[in-house]
Amino acid sequence: MTLLMKLSRRDDVGLQHQVFEQIRSMILDGTVKCGAKLPATRLLSETLGVSRNTISLAYARLADEGYIEMRESVGTFVSSQIPDLALLPANASDVSAHALDGHFTILGSASIAAEVRSQTLINPHQRPLCADFWVGRPAAKSFPLKTWSKLIHRRLLSAGGALTEYKDPAGLLDLRKAIIEHLRAWRGITAHEDQIIIVGGCQDGLNLVCRMMMVRDGSAIVETPCYQGAAYLFESFGARLHPVPVDAKGLVTSMLPDVANSIAYVTPSHQYPLGVTLTLDRRIELLAWAARTHSYILEDDYDSDFRFSGPPITALKGLDRAGRVIYLGTFSKCIGAGIRVGYVVIPRGLEDSARHFKTLMNNGQPWLEQAALADFMKDGFYESHLRRIRRLYLNRRNALLDSLKRHFGSNEVLGAEAGMHLVWRIPKHLPSAHEIEKIALSVGVGVYTVSSGGAADLCPAAENDRLLVLGFSSLSEREIELGISRLAQALAKINPLAITRGPGHLPKGEIHPRSKGEPPHKQKRPLDRRMLA
Ligand SMILES: Cc1ncc(COP(=O)(O)O)c(C=O)c1O
């Protein structure tokens, strides 16, 4: 038989591999039938203009993998043992259309366990913007590149078997110990190293907890609005969601449903997305509710390293006497989402189950990042890094507050005392959040409504359309001013009364008296009183 093959000498892939791949594909897509005789190696080598050895080696590999059989003094044949299931159509997307008597339903949409949605993590506009107030992005230049590469290099040199062996699925002990120290000093949490499981960020931690605890038709209590990644994950596990509203004091605990054995997902330090902090009386109520209903609280502490005034607030986990709080921490915001490292603090009594589930999920996280991070924390780099970026984000937050005040006359905001974003309450005379988002986009500025900014607004309240979510951490002070002034100009075209005549509107070159010397956001300012009652 003749085989229609075309080899490329310019290809990065070797000739022998090309011969192997092309014959294998012809067998799998049925072009060459089971039992068919293949050309002799000499003939095929002459036809293709390659050495006979190339063909012999390709045939030998096909035989090793069971695609062909070489019968001495008779010839080479396509194996008659290849099961039908291996004869896949060339394009896997055709599978569901062909339906093949149900054999392939695992690849077709009918077999997907549940219709799922997933969280938006990057700016949904997919085009460059001159100022993008997208939420939760660390400043790109803040990554401690020099130190990190030194630590990685040092660990690589002394890695020994660490890169080839399986390790404790709960994570590197050095890192777990460093995290315990950090949690004790900064979050008021006391934990034993067995209670820490290193995961690939909060999202992975949420998955671990769901695998451990979520039963079909189980209940998940969520703040509304809340982080999409949590709400959609619970949905994907078939959970019934019970949204509980949030006000200026955080989750309205008096509205917690009396659902037994449930999970309550909360962001008490800096509610996502509204930014409010859960008050102490409500924290205590929430803990009492969990004890009463035999439920667990999932505390997502995603950005609490950035508290701009006063000492860090004790985490909810720090108040947990009954072992009802599962704490999720991440390095995505304070170092970078690209390293994909986070951790879960498991209540006493559940450590072994957590370890088993983690093993089932992925046998543990990559060693190198864990090792570098452990050194980064132990050697004091983490503390100084946090101090540095806290200052940087504070300046950016102040720049944003000043720009809002100057251009719109109002910087009434929520959640400005911590984190990487704040929520601006749009003054009454301006259009709705949805309209402003569109207008901003038309002038190359990204601002976000509650639901377009990565939150699941499960019971959209009309007043949410008077709120804009503005991330400031990844923008320079100049970009912040540029973005807000552009937005103000665009809105002024629609309604000239929409904006104030502050220093942002002075003729080019003229300096406002307040702006002489220090930039406005660096001048002395009264204490924050912008939190809403
Ligand atoms: C509230 C909240 N939790 C968790 C995450 C995701 O964190 P990680 O990167 O650790 O999965 C985000 C991401 O923006 C978030 O906003």
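Each ligand, and each atom within it, is numbered from 1 in the order the structure gives.
Among protein heavy atoms, atom 14 (O) of ligand 1 sits closest to K333 NZ, 2.8 Å. Ranking protein heavy atoms by distance to atom 6 (C) of ligand 1, first place goes to Y227 OH, 3.5 Å. The closest protein non-hydrogen atom to atom 7 (O) of ligand 1 is C202 CB, 3.6 Å. Protein heavy atom nearest atom 2 (C) of ligand 1, with residue, atom name and distance: D300 OD2, 3.5 Å.
Ligand 1 places these atoms under 4.0 Å from at least one heavy atom of G201: 10 (O), 11 (O). Listed by number with element, the atoms of ligand 1 under 4.0 Å from a non-hydrogen atom of S332 are 8 (P), 9 (O), 10 (O). Of all atoms in ligand 1, numbered sequentially from 1 with element shown, those under 4.0 Å from a heavy atom of Q203 are 11 (O). Listed by atom number, the atoms of ligand 1 under 4.0 Å from T330 heavy atoms are 8 (P), 10 (O).
By the 3.5 Å distance cut-off applied to N or O atoms, Y272 is not counted among the residues near ligand 1. Note: no N/O pair closer than 3.5 Å links D204 and ligand 1 by distance alone. Taking distance alone, with nitrogen or oxygen atoms compared against 3.5 Å, Y302 stays at or beyond that limit from ligand 1.
Aromatic rings of Y382 and H182 (six-membered ring for Trp) have centroids within the 6.0 Å cut-off, being under it. Ring pair Y302/Y272: centre-to-centre distance below 6.0 Å.
Distances shorter than 4.0 angstrom do not occur between any heavy atom of G136 and any atom of ligand 1. Within the 4.0 Å heavy-atom cutoff, Q119 does not count among the residues contacting ligand 1.
Under 3.5 Å, the side chains of D305 and Y393 contain no donor-acceptor pair of N or O atoms. Between the side chains of E369 and W148, no donor-acceptor pair of N or O atoms lies under 3.5 Å.
Electrostatic pairing of R466 and E463 does not count as a salt bridge here, judged by no charged N lying under 4.0 Å from a carboxylate O. Electrostatic pairing of D352 and R355 does not count as a salt bridge here, judged by no charged N lying under 4.0 Å from a carboxylate O. By the 4.0 Å N-to-carboxylate-O rule, D301 lies too far from K317 to be salt-bridged with it.
Under a 3.5 Å cut-off, the side chain of S473 and the backbone N or O of R137 do form a donor-acceptor pair.
Cation-pi geometry between R324 and Y296 is met: the NZ or CZ atom falls under 6.0 Å from the ring centre, inside 45° of the normal.
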